[in-house]
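Worth saying up front: this structure is predicted, and the values here are computed from it rather than measured. Note: hydrogens, waters and symmetry copies are ignored here, and every other heavy atom, side chains too, is used.
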Amino acid sequence: MMEHVTLGKTGLRVSRLGFGGIPIQRVDQAAAAALLEAVRGGGINYIDTARGYTVSEELIGQAIAGHRQSFVLATKSMARDRAAMAADIETSLGNLRTDYIDLYQVHNPTPEQLEQVCGAGGALEALQAAKAAGKIGHLGVTAHSQEVFRRALELDWVETIMFPYNIVENQGEELMRQAQEKNIGFICMKPLAGGAIEDASLALRYVLANPCVSVVIPGMYSPEEVAGNIAAAGDRTPLSGEEQQRLEQIRQELGTSFCRRCNYCAPCTAGISIPNVFLFHGYLSRYGLESWARDRYGALAAKAGACVECGACEERCPYQLPIRSMLKQAAKDFGA
């Protein structure tokens, strides 16, 4: 049985395992329909997507046609002013084929941008107008920095906060506890550290063992992934001593300087798919899948060695990764 909880002060009843809508961009409409049917059949009712996820909203909207009432729909926009946010809300409604969205979130603002959102002429004005009109049910914020998380906790209109939490990223735990105390729903993103953690079952069990987590949203793009994640979410057996040791091993292997594949570094001046370079490098250096990693790395249009060291990617990275030096290491290890 899928566990359902109340999403903080929203009052929405949501499955603790939600559907992350980033990977759905990889599939066609027929596959998306089968995927969302597996989601619905498995008792998952929370769906996360975003305006920035290319065709994700559209694929989801078509896939759930006729079953809108079965789902809690959450999306988000990177618009910071009133006009742009108002336009994005209308686009989301059209894409999702609905007349209301349960949760609309301000997507990954910097501290300065969050101030703009809340100021005169800011995006919050459009969100509140849409809420008053019945187009939006609830409002939230997504963040990658603790500073934004901390600030969002102080805003009376914020009903949910989305933030990374996983085996190797627990820097937000104290803020998560504060969110729970304030009855602000906590949405866990990056439960697999952007794909860096291979043991999805262990990763999800770790996340869901924390009562501060309202809902966790791993990305899924196949019915098989859905089934595996549902099984993990349903396993409430306490982590064994051996599993705790495995957690520590994963922490030691990954450390803190790893790519979460959020893609905020894009576009690269030299056309390098930076997240994919680091993904394949991880398989090469951490998991011993040399042939697999080299084949896929070789198919990339631009290799790590093409980096011109402009530094634009590092300015955009929410995790302050030393991307240029990491690309140099990848080029050295792959030989290109």
Go through the side-chain N and O atoms of Glu112 and Gln116 and say whether any donor and acceptor fall under 3.5 Å apart. no

Using only atom types and a distance under 3.5 Å, with no angle test, would you say the side chain of Arg51 pairs donor to acceptor with the backbone of Met78? no

In terms of side-chain heavy atoms, does Arg16 have a donor or acceptor partner in Ser214 at a distance below 3.5 Å? no

What do the steps show when you test Asn108 against Thr142 for side chain to side chain donor-acceptor pair (under 3.5 Å), and what is the final call? CA-CA 5 Å; Asn108 192 34; Thr142 80; 5.4 Å; no

Side chain of Arg82, backbone of Leu124: donor and acceptor closer than 3.5 Å? no

Pair Glu173-Asn170, side-chain donor/acceptor within less than 3.5 Å: no

Ring pair (Phe, Tyr, Trp, His ring centres under 6.0 Å): pairs with one or both residues in residues 189-223, sequence neighbours excluded: Tyr165-Tyr206

Under the salt bridge (Lys or Arg N to Asp or Glu O under 4.0 Å) test, which residues partner Glu224, sequence neighbours left out? none

Determine whether the side chains of Asp333 and Gln329 contain a donor N or O and an acceptor N or O closer than 3.5 Å. yes

Within a radius of less than 6.0 Å around NZ of Lys332, do more than 12 heavy atoms belonging to other residues, nucleotides or ligands occur? no

Heavy-atom distance under 4.5 Å between the side chains of Lys303 and Ile272, does that happen here? no

Taking only residues at least two apart or on different chains, which pairs with a member in residues 109-148 satisfy ring pair (Phe, Tyr, Trp, His ring centres under 6.0 Å)? His144-Tyr264, His144-Tyr319

With a 4.0 Å cut-off on N to O distance, would you call Glu174 and Arg177 a salt bridge? yes

Do you see a donor-acceptor pair shorter than 3.5 Å between the side chains of Gln105 and Thr75? no

On a heavy-atom basis, the closest approach of Ile323 and Cys265 is CD1-CB, 4.1 Å

In terms of side-chain geometry, is the basic nitrogen of Arg246 or Glu243 positioned less than 4.0 Å from the acidic oxygen of its partner? no

Short question: side chain of Gln244, backbone of Ser240 - any donor-acceptor pair under 3.5 Å? no

Is it the case that the side chains of Thr10 and Glu159 hold a donor-acceptor pair, with the cut-off being a distance below 3.5 Å and no angle test? no

Please determine if Arg68 and Asp102 form a salt bridge, counting it only when a charged side-chain N lies under 4.0 Å from a carboxylate O. yes

Is any side-chain heavy atom of Ser15 less than 4.5 Å from a side-chain heavy atom of Tyr46? yes

Taking CD in Glu242 as the centre, count heavy atoms belonging to other residues, nucleotides or ligands within less than 6.0 Å. Is the count above 12? no

Under 3.5 Å side-chain donor-acceptor pair for Thr54 and Gln25: yes

Taking every heavy atom of Ala306 against every heavy atom of Ala270, the minimum-distance pair comes out as O-CB, 3.4 Å

Does a side-chain N-to-carboxylate-O contact under 4.0 Å join Glu58 and Arg97? no

Minimum heavy-atom separation for Ala196 and Phe258, please, with both atom names. CB-CD1, 3.9 Å

When every non-hydrogen atom of Ala126 is compared with those of Ile89, the smallest separation belongs to O-CD1, 3.9 Å

Please check if any side-chain donor atom of Ser56 sits under 3.5 Å from a side-chain acceptor atom of Thr49, or the reverse. yes

Determine whether more than 12 heavy atoms belonging to other residues, nucleotides or ligands lie under 6.0 Å from atom NZ of Lys131. yes

Would you say Arg80 and Gln113 are linked by a side-chain donor-acceptor pair, where the criterion is simply a distance under 3.5 Å? yes

Side-chain heavy atoms of Phe163 within contact of Leu175, under 4.5 Å: no

Is the side chain of Tyr100 donor-acceptor paired with the backbone N or O of Leu93 at a distance under 3.5 Å, no angle test? no

Looking only at side-chain N and O atoms, does Tyr104 offer a donor or acceptor that is under 3.5 Å from a partner on Ser77? no

Is the closest basic N to carboxylate O distance between Glu169 and Lys190 below 4.0 Å? no

Between Glu253 and Gln249, do the side chains contain an N or O donor and an N or O acceptor separated by less than 3.5 Å? yes

